[in-house]
Peer 1: 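Before I ask anything, let me first share the structure, which is written out below as structure tokens.
We name chains A, B, ... by the order of the sequence lines, and we start the count at 1 in each one. Every value quoted in this text rests on a predicted model; they were computed, and no experiment measured them.
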Amino acid sequence: MKKQNNKLGWLFTSPYLLFTLIFFALPLGWSLWLAVTDWNMMSPTIRFVGIQNFVAALYNPAVQSAFFVTYKFLLLFVPLAVAMSMGIALLVNGLPKLKGLYMVAFFLPYLSSGVVTSLIVKGLLSYNGAFNTFLRAKLGLDIDWLGNPTTAIFVVSFMIAWKMSGYYGLILISGLSSINTEIYEAAELDGSSRWTTFWRITFPMLYPSLFTVLILAVGISFGIFTEVYQLTGGGPNFATNTWQMEIYNQAFVNLKSGYASAIALISSVVTFASIGVIRKLLEKWGERNGWS
Amino acid sequence: MMKRKNRLLMVVAVTFLFVTLSACGNGQKNSKDSSEKTTITFWTAPNPTQLKYWKKMAANFEKANKNIKVEVSQMKESPSSEATIQSAVASKTAPTLSENINRSFAAQLADSKAILPFNKEDTFSKIVTNRKMTESIKNWQFSDKNQYVLPLYSNPILFGWRLDVLSELGYSEPPKTYSELLELGKKLKAKYPNKVLWAKADGDLADPTAWMRWFDFFPLYDAASGGANFIENNKLVADDKAGKAVFNLMSDLQKDKLLLTSKSTDPFENKVSVMIDLGPWTFPNWKEKYPELKFGENYTVTTPVVPDAMKDKAEISTYADAKGIVLYAQASDQEQAAAMKFLDFVFGDEKNDLAFLETTSLIPARDDATENPTFAKYFEENPEMEVYAENVKNAVPAMDNAEYNDLQQILGEKGWVPVVRGESKPDTAWKDMKNALKGALQ
Amino acid sequence: MVGHKKKSGSLALRYVITTFVMLIMIFPFLYLVLHSFAAWDQVDRQIIPTKFSLRSWTWLFGNSSTAAEAPWIGAFIHTIIVATIATFLMLFFAMMVAYALAKINFKGKKAVNNLLLFQMFFPAIILLIPQFLMVSKVGLLDSYSGMIIPTMISLWAIFMYTNFFKAIPDTLIEAARLDGANDWTILLKVVLPMSRSITTVIFLFLYTDRWTNLLWDMIVSKSDSTVTLNVLISQMFGPYATYPGPMYAASVVLTLPLILLFLLFSKQFQKGMQFALK
């Protein structure tokens, strides 16, 4: 057995522990306190209001939207990101040459800033931009991409899926490359179709990587901010109003820090619980099928 | 021994890092105090030309006053300049001076003691006399008899028209009334199904953001009501007939697909729309980006369209985008004195107002803007600007209510936007909006 | 023979498809660069511009009849300072903490480990408002430290390093210890050189995230003297809406350094990713 060295251990972990104390424990406590006050950042007096903030938050249509919008993002973004990254992984994995080059190229979107992506999307989706002019002229389609609730949420999901899919693709590629090629050869000899091979062999062996991707993507859907802030401001009519957007608006636009803290608390509980449940379900799903 | 020494070294290193880092932050502030110079900060409107003008003024001023430094920066617009100022006041990072303050926002800032009354400063009356503002300053007095705002400019919001497209449709001048407008719309759609009548310059017609209504609803409402108040003394006094007329017009335009509710790049400039709400600040951008746009040749500027019954009315009201400068309460005495010196320097010379007019294309808030010979040549060369100067007298400023932001948000969400989107009937929307406003005003 | 032919044909097709998909994926970057050099009447009007000019670039850096010079260069420098210092602190502290969690046997290690895992899954948004209030209370608003200090520990980096360090054989470390090296030297002289590729991966991810941070930098930076490039572009989104060309040019300035950095380290990155993804 290694000998214990308590002092050294605590010393080496002290930056983290100190940081956690100052920037995690303290803010957490403060946040809980703020949530039961009406403080607006400017006023010198802080009044205790009990659960009033929480009640107000539950009746606020913007907060209700944030609750549902997050799941809508989940249902749109996660499948989109998984499909795109899976496509990339399957395309790149079998290539005998230049595999690294392609992997690098597909990863590049991850380096983009949401602000810049929003700028490009705004330009591309402008009424008199090339894309919409084309749609109107050739297909007779006149779509108000960011003004329509359904398309707006789709556009934002797609932007984030574009950014993340190269990264997720890398994770899936590493899963794919760990599969022994002999299994494929055996399957080919058995005469099973590509489709069956994928579902019978590739998919189960890929499941651990896929699980990672799914968990990461689910996490992302609960923290969308930049694209929404920049492009839609949470609109139209709160259709893309995420938790982060609502908390930002209440705290830094309306300066209601007490109310915003209450919303943040609700959002944290909802997020923590949702991710926990989704995780458990995915694990169960994997186990039942014997994939993990 | 060795071990202990190294451990010590590490503790020192970590502490050192913490200390230097926190020193960085404090260091910046200390260095400001230790220098002999007084530094004042001036926030300009989020408009490139205004930033340019104030940077020039600051440089000129610094040349004459070596011991004062004027840091000019653009007010952030995240998500609105008002919110930026509020959060700056809350976090004690407000500037010494800022422009871009309208009357209602000033009322709100004065309520929370965030800004100082100018009339306590001796220099103020000197500025008022020098700059010939004796008349117009009266409208800016607050209910506590104080003057919190030094008015800088007043712009009537007018409408621009594409004369080239109009002439293709057989028009030699823009329509004046609602029915004429609707008729023009029918002809437009028949010839150019992809063009619209009205697309907004900044954002879209269906954006519920509060300040957007200054540039769509209020010009039309002020025109239709002859400049009647919308909210007065914290009560809804809106002219029902005028308001419903405006909503009905928008609903008709929406039905004929004559409104653009999606974002578009410079729609008027690119002939996507025939009409646009237009402030004079657009002209410098046009000179740079669209030099082909010439007043009287391919575009013109008029007052808003009016209901048919007002066809022969000569003077038509519109909304006034009037803004001024305020002095923040967070400034030290020394900074306040420096700030007043700066304002005195800028407004002591008419040439600076001319430079303001030339750089920003905003109408200086002077009683003598149209008569003063200093500006005569400018208006001669810029006839489009003269239209604006002439209409200043018919322009109605923002509502006098500290809650204007919430109120206009309601106006947008419950009234304007549902009509423009075709989601509710104009009369219903007007009623819903009124009820919501009444609720908010209680 | 026949089978072979068919295979090489389908392989060529795969390359064509992969290349095509790749071009679509990196198209936004091409769009950005092309439109920053496009003639102004073509910006956003054509997918691929055909007329080019430097006007957007010269406009951005002050050659405009309407706009004053915005602090683009300053913002670029602020971004470099903030991102670099913060990332190096994150790496440094992560290595230290991870070394303890992986290689030092101490009482309470399990508790620290659990705390770390708990925090990683904890929604950080709830901490935003009090963290902002703390920073403003101690006078760090509108300073580099205000942007750096609250972001100088990365839980993810600690987690990644811990996993990597665990894979380093204990015998190596014991051998170094027997040679009289203390843990500090072991970390710097033995462990660090072995973790070059994983450090590259962690560095690139952290640097990208810090470089393009919006929410925190936006609420802490209050003036042109600290504003970062990403925040500045975000703030100019509205005011410069009619000047998309210069905005694309500014976006190129923001994005290009990250891409160059990434390409520079791409070999190490690929190597590191192979471990990171296990």
Peer 1: Could you tell me how the ring of F122(C) sits relative to the ring of F118(C): parallel (under 30°), tilted (30 to 60°) or perpendicular (over 60°)?
Peer 2: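 Rings of F122(C) and F118(C): tilted, as their planes differ by 30° to 60°.
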
Peer 1: Below 4.5 Å from any heavy atom of chain A, which atoms of L115(C) appear? Answer side chain, backbone, both or neither.
Peer 2: both

Peer 1: For V270(A), which of S267(A), S268(A), S274(A) qualifies under side chain to side chain contact (heavy atoms under 4.5 Å, CB included)?
Peer 2: S274(A)

Peer 1: Flag the pair R177(C) and D183(C) as a salt bridge only when some basic side-chain nitrogen lies within less than 4.0 angstrom of an acidic carboxylate oxygen.
Peer 2: yes

Peer 1: What residue, out of P130(C), A124(C), S266(C), has the most heavy-atom pairs lying under 4.5 Å from chain A?
Peer 2: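 So the answer, after comparing P130(C), A124(C), S266(C), is P130(C).
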
Peer 1: Which bit of Y248(C) comes within less than 4.5 Å of chain A, counting heavy atoms only: side chain, backbone, both or neither?
Peer 2: both

Peer 1: Specify whether F262(C) and F107(A) have parallel, tilted or perpendicular ring planes, treating 30° as the upper limit for parallel and 60° as the lower limit for perpendicular.
Peer 2: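 Correct class here is parallel.
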
Peer 1: Between I263(A) and chain C, which part of the residue has a heavy atom less than 4.5 Å away: side chain, backbone, both or neither?
Peer 2: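 Contact with chain C involves no heavy atom of I263(A) at all.
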
Peer 1: On the 0 to 90° scale, with breaks at 30° and 60°, tag the Y207(C)-W211(C) ring pair as parallel, tilted or perpendicular.
Peer 2: tilted

Peer 1: Please flag which part of L125(A) lies under 4.5 Å from any non-hydrogen atom of chain C: side chain, backbone, both or neither.
Peer 2: neither

Peer 1: With a 4.5 angstrom heavy-atom cut-off, which part of L254(C) approaches chain A: side chain, backbone, both or neither?
Peer 2: side chain

Peer 1: Quick one: what part of Q46(C) sits under 4.5 Å from any heavy atom of chain A, side chain, backbone, both or neither?
Peer 2: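 Just its backbone gets close to chain A.
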
Peer 1: Apply the test side-chain contact (heavy atoms from CB on, under 4.5 Å) to residues Y15(C) and K97(A): give CA-CA distance (whole Å), side-chain angles for both, the deciding distance (0.1 Å), then the verdict.
Peer 2: CA-CA 10 Å; Y15(C) 271 103; K97(A) 270 181 200 153; 3.5 Å; yes

Peer 1: When only pairs under 4.5 Å are counted, which of L34(A), V92(A), L32(A), T20(A) shares the most heavy-atom pairs with chain C?
Peer 2: T20(A)

Peer 1: Cation-pi between K103(C) and F12(A): NZ/CZ under 6.0 Å from ring centre and within 45° of the ring axis?
Peer 2: no

Peer 1: Walk me through whether Y127(A) and T133(A) qualify under side chain to side chain donor-acceptor pair (under 3.5 Å).
Peer 2: CA-CA 7 Å; Y127(A) 177 81; T133(A) 312; over 6 Å; no

Peer 1: Heavy-atom pairs under 4.5 Å with chain A: which of N230(C), V252(C), L258(C) has the most?
Peer 2: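 Between N230(C), V252(C), L258(C), the count favours N230(C).
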
Peer 1: Using non-hydrogen atoms only, which part of W33(A) is less than 4.5 Å away from chain C: side chain, backbone, both, or neither?
Peer 2: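 Answer is neither: W33(A) stays 4.5 Å or more from chain C.
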
Peer 1: Please flag which part of L26(A) lies under 4.5 Å from any non-hydrogen atom of chain C: side chain, backbone, both or neither.
Peer 2: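 For L26(A), the contact with chain C is made by the side chain alone.
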
Peer 1: Heavy-atom pairs under 4.5 Å with chain A are the metric here; pick the option from T208(C), L214(C), T18(C) that has the most.
Peer 2: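 Greatest number of close heavy-atom pairs with chain A: T18(C).
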
Peer 1: Of all of S177(A), G166(A), G100(A), A105(A), which one pairs up most often with chain C through heavy atoms under 4.5 Å apart?
Peer 2: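 Sorted descending by pairs with chain C, the first entry is G100(A).
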
Peer 1: Tell me which of these, G108(C), P244(C), P150(C), S136(C), has more heavy-atom pairs under 4.5 Å with chain A than the rest.
Peer 2: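 Counting heavy-atom pairs under 4.5 Å, the top option is P150(C).
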
Peer 1: Stepwise, does the side-chain contact (heavy atoms from CB on, under 4.5 Å) test hold for Y16(A) with I158(C)?
Peer 2: CA-CA 9 Å; Y16(A) 162 68; I158(C) 297 176; 3.9 Å; yes

Peer 1: Dump the intermediate steps for side chain to side chain donor-acceptor pair (under 3.5 Å) on W40(C) and S56(C), then the final yes or no.
Peer 2: CA-CA 8 Å; W40(C) 279 15; S56(C) 293; 2.9 Å; yes

Peer 1: Can you tell me which portion of L116(C) sits under 4.5 Å from chain A's heavy atoms? Options are side chain, backbone, both or neither.
Peer 2: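 When you check distances to chain A, atoms from both the backbone and side chain of L116(C) fall under 4.5 Å.
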
Peer 1: How about K271(C): does its NZ atom have over 12 heavy atoms from other parts shown lying under 6.0 Å from it?
Peer 2: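 Not buried by this count: 12 neighbours or fewer within 6.0 Å.
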
Peer 1: Looking at D44(C), T255(C), I233(C), which makes the most heavy-atom pairs under 4.5 Å with chain A?
Peer 2: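 Option with the greatest count: D44(C).
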
Peer 1: State, yes or no, whether a side-chain contact exists between I220(A) and M164(A) at a heavy-atom distance under 4.5 Å.
Peer 2: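 Yes, their side chains come closer than 4.5 Å.
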
Peer 1: If I measure from the heavy atoms of chain A, does L155(C) come under 4.5 Å with its side chain, its backbone, both, or neither?
Peer 2: side chain

Peer 1: Would you mind telling me which of Y99(C), F121(C), F132(C) has the largest number of heavy-atom pairs within less than 4.5 Å of chain A?
Peer 2: F132(C)

Peer 1: At a heavy-atom separation under 4.5 Å, does Y31(C) approach chain A through its side chain, its backbone, both, or neither?
Peer 2: side chain

Peer 1: Chain A heavy atoms under 4.5 Å from L215(C): which part of the residue, side chain, backbone, both or neither?
Peer 2: both

Peer 1: Answer with side chain, backbone, both or neither: which region of N213(C) has an atom nearer than 4.5 Å to a non-hydrogen atom of chain A?
Peer 2: neither

Peer 1: By a 4.5 Å heavy-atom criterion (distance strictly below it), what part of F225(A) contacts chain C: side chain, backbone, both, or neither?
Peer 2: side chain

Peer 1: Could you tell me whether the side chain of S261(A) reaches within less than 4.5 Å of the side chain of I126(C), counting heavy atoms only?
Peer 2: no

